[in-house]
Structures are given as C-alpha cells and as structure tokens.
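Because only heavy atoms are used, hydrogens play no part in the values below, and waters and symmetry mates are left out as well, while side chains stay in. Here is the naming used below: chain letters follow the sequence lines, and residue numbers restart at 1 for every chain.
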There are 2 protein chains.
Amino acid sequence: MDLETLCKEIALMETPSREEEKRVLTFAEEIRGRVSRALESEGIEALVSLEGSLAKGTWLRNEPEIDIFIQLPTSYPRESLGKTILPIVKKSLNEFRSLERYAEHPYLELYAEDLRLNVVPCYRVRKGEWISATDRTPYHTEYVKSRLDDKLRRDVRLLKRFMKGIGVYGAEIKVGGFSGYLCELLTIYYGSFIDTLSAASNWKRTEFIDLEKHYADVKEAIKFFGSPLIVVDPVDKFRNVASSVRSEKKSLFTVAARAFLQNPKREFFYPKRVVPYDLPRLKSNVLKRGSAIIFIKFTKPNLVPDVLWGQLYKASRAVSSTLDRHGFKTLRKAVWSDEDKNHVLIFEIENMNLPPIKRHLGPPVFEAEDSKRFLTKHLNSESTLSGPTVEGDRWVVYTQRRYLDPVDLLEDKLKDGGRGIGVPEDLTEAMKDSREILVNMEVSAFYSSNPKFAEFLTDFITGRPRWLESTY
Amino acid sequence: MDLETLCKEIALMETPSREEEKRVLTFAEEIRGRVSRALESEGIEALVSLEGSLAKGTWLRNEPEIDIFIQLPTSYPRESLGKTILPIVKKSLNEFRSLERYAEHPYLELYAEDLRLNVVPCYRVRKGEWISATDRTPYHTEYVKSRLDDKLRRDVRLLKRFMKGIGVYGAEIKVGGFSGYLCELLTIYYGSFIDTLSAASNWKRTEFIDLEKHYADVKEAIKFFGSPLIVVDPVDKFRNVASSVRSEKKSLFTVAARAFLQNPKREFFYPKRVVPYDLPRLKSNVLKRGSAIIFIKFTKPNLVPDVLWGQLYKASRAVSSTLDRHGFKTLRKAVWSDEDKNHVLIFEIENMNLPPIKRHLGPPVFEAEDSKRFLTKHLNSESTLSGPTVEGDRWVVYTQRRYLDPVDLLEDKLKDGGRGIGVPEDLTEAMKDSREILVNMEVSAFYSSNPKFAEFLTDFITGRPRWLESTY
C-alpha cells in the first residue's frame, strides 16, 4: 500500500473522536478539581495539574490514561507523600477501585469506568533541583506542548501505534522499550513519523540525540551516558530519556522501520494474533529441534508489575548462568507471566544429556599455594578421570561431572528457593514451595489450559518478529 | 631419599667413564681430521671444529652426539653448503650410513657404530654478523667452556637427565622443550642444579634471564621477545635461547622442580615405563568418560622429523578448530607418530552427538546491506528452526546443523585431504588416500599391534605426569 495513504488511514483510526476527547477531558478536569479541593480542605497547599498524554493531546484513541499530578512545596516531608497525601486522595475518590503503587515512588492507580487514572504526588521545584523522580513531569508536559502542532500530534500517535505494533512501546521493565515522552521527543527531533523511521533505519551502534544542545562535546556525553541510545532530556541535561530502552528493542525498532519503509503494511501497526500450535504441531516442532525446552513454573502473589518483572528477569539470568556454568548451553530464554498467579521461566538448552567427563581449569602453575591445594584436592580424588596436568601455564584436570541432567541440577539448586544461585529474595519462597520443572511436552497440560501462554510459547518457538514473515 | 645422596648417585651414573670419554673423543678427533683433509684436498679453505656437548664435556653417559662444524669464509656461496660441501663430506665418510637433513639448514647425519654424528657447515663470522642459523654455535661452545668447571659440568648433566626424565628436554619441534645449550646457561646462571630447580619452582608467568646484561631496560626487552621464558643468548642479544620452549614445557619444569625438591626421587630422572592397559581395562576407562576419542590414522613417507612434527601439529590444530567450529568441543588433543609409517591425530571430544538446532549469529542490525543478505538467506530457508530475530544489536537465527556426528564432518572435510581446513600440503595426499577415522574402541586392533602406541594412549588417558603419581 502507498505509504501516505496508509499513514492517513492509521491516523484516522488512532485519533480520538470529538466525543471521546470531550468526555475524557471533562472527566479528567472533574477529578483534578476534586483532588485539589480535598487537599485544600485538609490545609495542604498544592498545585494539582493534568499531565501526560492527555495534557499533550497525544493519547491513542480508546486508550486514554489520565495522569493527575499533585505538585507540593519543597518543604513538604517526603515520607508524607505516601502516608498523608495518598489517603486523602483515596478518600476523595472512594467510589473507584484503587491500588497503591510503590515502584520507585508512591502513587495511586484508580479504575474509573473504562478509564485508568494515575494520581502522582511530586514536588514543585526549579529545573535541576529535582527532589523526587516525578518532579520533571510538569516540565516535560510544558516542553512537549510548546513544540507540538496538530500535524506532529498526529505523527506522535502513528509512532506510538507503530511501536506498540512491533512490541517496543513502553518504558516499564517488562518491555524495556520507548516511553510516550520518548516518542514525542523523537517526532519533534526528526520532524515527522516517516522521518523518524528513516532516521531509525540508519541508526548506528550508538545514537546520540540532544534536542536542546546541552552538550558541546558529544564524545564526552556519549561516554557519560554509556547507552546504545541516548536522548538527552530537554529539561534535564543529566538524564537520558532512552535509558530504559534495551539494546534489543532499539535494534527491533531499526529493523522494523527499515522493513516498513520498504514495504508499508498495516500489520506493523496491528500485528496478526498468534494462532497457537495444536498439540501435535507443537510436539513435532519441539522434537525436530532436538534441543530441550525447560520450563520452571511457579506461583507468587502480588508484586507491582515493575518489581515482578525485574525479579523474574533476574531469576531468569540466575538460572541460565547456572545452566551454562554446569555445561548446559542456554540457546535462548524467555519469561512469561500473567502478572497474577502463573509465572514461567523458559530456557531452551542445546544438550539434555552431558557426558560424565568435564574439563576443570585450575590455577596458574606459578601460584604455588593454589597449585598445592588443587593437587591435594584432585590427585587422589575418586572423580578424577584424567590428570591433573598442565596446559599452557594452568593446571587442569578432567573430572566427573556432578550433574548429567539439567533437571537434576535445577531441582537441587532450587530446592531451597534458589537464593544460592541468585534468585531474588521475593521469589525464593514461591520457587521453593510451588515450582514445577517441566521439559518439552511435559508442558502440554498447562499449554492446553492457558491460551495466553500457548500464544506466547508458539511465538517463542517461531522466534521471529511477526511483521517479518512476508516482508523479504 | 636425601637430595645430596640422590644427586651424587645420578651424577655417577650419567658421567661418562674414562673409557667412553677417551673412545668418543678419539673417534671424534679422527673424523674431524678426515673431514678437514678432504675439504683441503678439494681446495676449500675451512676451519673444521668439534662443537656441542662433546666439546663442552656435558654429554650424558652412553648418549654422546658428535657435532663437527665446518666453518667457511663468508665469501663462500650459500647454495654450495648443501651442493658442494656435504657431498665431499659424505664421500670422505662413505663407510657410514648417512642422511642429508634440510630442516632450516643443510647438514649431514651419520651413523658410526653406536654413535651419531652431525656434520654441519656454517660461516666463520664476527659476533652479530650471522649469515646462517648455525654460525653462533662455535661461539656458544667457547662461551660455555669458559664458564664451566667440573662441578658445573656434573650439574649440567643432572639437569639434562632431569629434563629428559620429565619430558621437557629437546628444542626439536616434537618436544618444544629445553635445548642442551639452554641447560648449560641455566646451570651457569643459577650456579648449580639444585639452585636451578629452586629458581624454576618460583618462576612467574614471564621469566627474563640475561647472563651478560645485554639489556638495561628489562621491561622493553620482555616486550621485544614476548615469550613466557626469555634467556638472552650471551653471544647474541637479539636471540632468545628459550624461544623453542612451549609454555606447557616451562610449566611442567616448574611443577616438577617443585615436586622434586619436596620429595626427591629417582623416578624424576628415570620414569617408570608406562604399562599399557589391557583391552578390557582400556575399554572400561574409555567408556566411563562418556566422551568420544577420535583417531585419525594415516601414513606418510619420509619427512625430516622437525618438518613432520611441525606439520602434524598444524594438522591437529586444523582438525580441532574444525571440530570446535561445528560444535564438537575438543577437550584434549595429542599427536602420535613413529616418525616412519604410522601417524595418528587424537582428539577427545565432549559430545559425540549434537542436537539438530544450532545458534547462528548474524551481522549487527545497523549494517543494512549485511542484514539484507542475512534475511534473504535465512528467512525462507528450509533449515531455519527459529528466527531470524535480534538479540542485543545482532541478528540471530536458529538453524539446522549440517553435521550431527563428528565422523561425518571429518570424513567430509578430509575427503580431499583437508586442504580446505588447513591441513598442510605435505600431508594432504596421505590424508586423502590412507586415512582411517576411528572412534573409541575401534582403535583396538592398532592398539594391540603397536606397543608404543599402546603406551602412548594409556599415558594420554591417564593424562598425568608420571612423577606426579605418588608425590602429593
């Protein structure tokens, strides 16, 4: 399809209708007023403002998110943000279901009809004198509003939808992608949606974007930030707006942009749903690889999503390095969670069975004490198969491997919850009590009972961005 | 046993008897005279001299080696060394069986009764104005003779025997160890056999020995030579006498010296012979490792030992990196040869069977042309199992492995002789025509028929210096 026509069509679908705009803004203004009055009546001096995509006019149709910020004077005590301010807000909006969130910063999440509402306390500070993590937000809103016109707002929406479609949208830990603010800055910087994609197609190993020219010495700045993508915050020269973007997500954006410009298609914005393999197909796909896919399934009550995903990823790294250290080469890994009851760490390993023999590298021969200890340990050991001897300037011994089967290894290392191998504290109990370790088709019962997981696993096995299918 | 007593006993056994000394020196002098006269009668002006361990009085009892050097004027044409000089010598000593050798430099090897005789042409040059590789030898003889007394000669013999016993004696490529000249220099430098061992026990990653203090800046000199063991030649500051010593042999000397000083035993000088496993024992030892030992056996007529071993080692590296590149992890490797008809490359690999799936790393995503080529190749390929996708900033695809069995791989890569994987030219024909690839007990016929090979393989499987057994 023609690029212009397609963009017009998508923009039309993603721009909120007049009715939506009016309804949401009216509602937001009403909430803002209620919060403001509630605080006033408690004698708290605060500026309550509407921020975020709603204030900037860049939200996607049918996906509004209302961000209400409570800007407090700097004299206000920090511990009271959660203890005093949030309860007042909660009480004033008590007809809505609410959740207190404490990722880095306390805030309130409310569910009002079909709308999600965040109420966030922060400090009203001068630029650069930040006290809490969210004090920059009002400045972000102001900066973006001053730079956007209707055409750019349209293009921000296209970019957000494109990023959602290819799975790189969202700064939360689960995704590790591009925030809404980052989408706005990119659109402002490059001048349009298409120009952003063209630029991203040619992004190099390290990209440095500095809208307000805070840095004269770009090389020094790149060294300072040390990320593959650096977008200097216009309102704070010491902050990289893209610090949450993982290398993989930056890469995905580059390759998707390149593919889209070459062959513009709706699927980039609205990917087809994955149709899970039926069981026989799953089985044949798993078997023909000859690898072993290991699932560690466990349950764990409520953690804030950002905390949960952070810990799941950490646990995944801990397990995969344990597998690698014991000779089971991890080819790929993934984490799945319904953010509620079911969590699954997935590892595809090259070899299910290892031979008994393993190479064990000892100390350099010129370390006399270490050498002695090494010899004492291995020379008359039952498990020594060859050696000790020297190779280059190191001692080496060929010894009997302790774990020939990865499931034995994992059962052993996780029986106490996995603290010893680096599973984070919050997950160890669940690991200890509820874990199931499944290999290949042993996952089929859970697969059949959980369509979301089935989609995820099918996608994992395919292992290919969905838009890639028919592009080349 | 007491160190002093043991050393005395060994010295007694290794010092040639008066009769041997007289007989060998008389014979050497006779040969020297005959060579000298033969050249004179052909009108060639040359100084014929006795060099090497015989001239220095450091040969081991019953192992004399007579080195006769023909020192020619620098005006003599280089190509005539082999073409004119050697035939004259050969003719003058025609009652002996002789072999012309051309490793780096032409020389003649003769077998006279129970003695080996080398006749080596070189140039009579001033120090530093070397023309051929052997011009330094007369200076070496002179230097060593001026530094040794009877006590040091005794200690040189102890050191040589010790190094022979632990398998690090000899600068030839097969061994990659310590030359006789190097033994002499170490003894001179440290002052005695025992002091040499004490020092070697404490050798560090890099050792620098400069008897004549040629270098003021030791750091620079170490960088210049870049070896783990540097012994600056007293007669040539640009030559490292220890350049032939492989890291492993230096390490073995260190650890053996340490063990010997702690527990002095005859076995260090005279190791017990390896008793080959009988077949059932061989079988059980091979099986319990669970690895695969692969033998590439082939035949090849006459090559000078230094050339042969150089090429065998090169072929061994070529094969092992081919195995590694295709996912068969080489744990250990060795080369065996009778230097005549039978040559065997030995590889112990961790895994005999690999799973079909393999990870294939592609180009960085920011290389647009490479990315396109990679996608074109893998996106619709039959052998793609997962992907392509991105990991970090690289493309990656999981694809079907071509070789699941290492023997298939090797048969395929060696069917033309292995030129494509780096088997040296001189061996490719033999590789092509005569190779047999055997796994584990398939070697048993050859093992049973060749006791030397059986010893070697038993030693390989034990994989431990023989003196180590009962030391710790």
Inset, instruction - Measure across B:Gly290 and A:Pro356 and return the closest heavy-atom pair with its distance rounded to 0.1 Å. - result: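 Closest pair (atom of B:Gly290, atom of A:Pro356, distance): CA-CD, 3.5 Å.
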Legend entry - Closest approach of B:Trp203 to A:Phe366 (non-hydrogen atoms, all atoms of both residues):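 Smallest interatomic distance, heavy atoms only, reads O-CB, 3.1 Å.
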Return the option, out of [options], with the maximum number of heavy-atom pairs under 4.5 Å with chain B.
options: A:Gln400, A:Glu350, A:Arg359; result: A:Glu350
options: A:Thr389, A:Val390, A:Val396; result: A:Val390
options: A:Glu248, A:Arg394, A:Arg246; result: A:Glu248
options: A:Lys358, A:Lys329, A:Arg332, A:Glu348; result: A:Arg332
options: A:Pro388, A:Gly463, A:Gly387; result: A:Gly387

Legend entry - Which portion of B:Lys249 sits near chain A, non-hydrogen atoms under 4.5 angstrom: neither
Inset, instruction - Return yes if some donor-acceptor pair links the side-chain N/O of A:Tyr398 with the main-chain N/O of B:Ile461 below 3.5 Å, else return no. - result: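 Not a single qualifying donor-acceptor pair exists.
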Inset, instruction - Counting only heavy atoms closer than 4.5 Å, note whether A:Ser291 contacts chain B via side chain, backbone, both or neither. - result: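 Both parts, heavy atoms under 4.5 Å.
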Legend entry - Contacting region of A:Thr384 [heavy-atom separation from chain B under 4.5 Å]: side chain
Between [atom1] of [X] and [atom2] of [Y], what distance do you get to the nearest 0.5 Å?
X: A:Arg464; Y: B:Leu379; atom1: CZ; atom2: CG; value: 5.5 Å
X: A:Trp395; Y: B:Ser251; atom1: CH2; atom2: OG; value: 9.0 Å
X: A:Asp393; Y: B:Lys250; atom1: CG; atom2: NZ; value: 7.0 Å

Legend entry - Minimum side-chain heavy-atom gap B:Arg258-A:Ser371 below 4.5 Å: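 Sidechains of A:Ser371 and B:Arg258: in contact.
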Legend entry - chain A contacts, top residue of B:Leu331, B:Leu252, B:Thr254 (heavy-atom pairs, under 4.5 Å): B:Leu331
Legend entry - Pair A:Glu367-B:Lys204, salt bridge (Lys or Arg N to Asp or Glu O under 4.0 Å): steps then yes or no: CA-CA 8 Å; A:Glu367 303 289 353; B:Lys204 300 298 167 209; over 6 Å; no
Legend entry - Polar contact flag, side-chain donor to acceptor under 3.5 angstrom, A:Arg289-B:Ser386: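 Side chains of A:Arg289 and B:Ser386: pair found under 3.5 Å.
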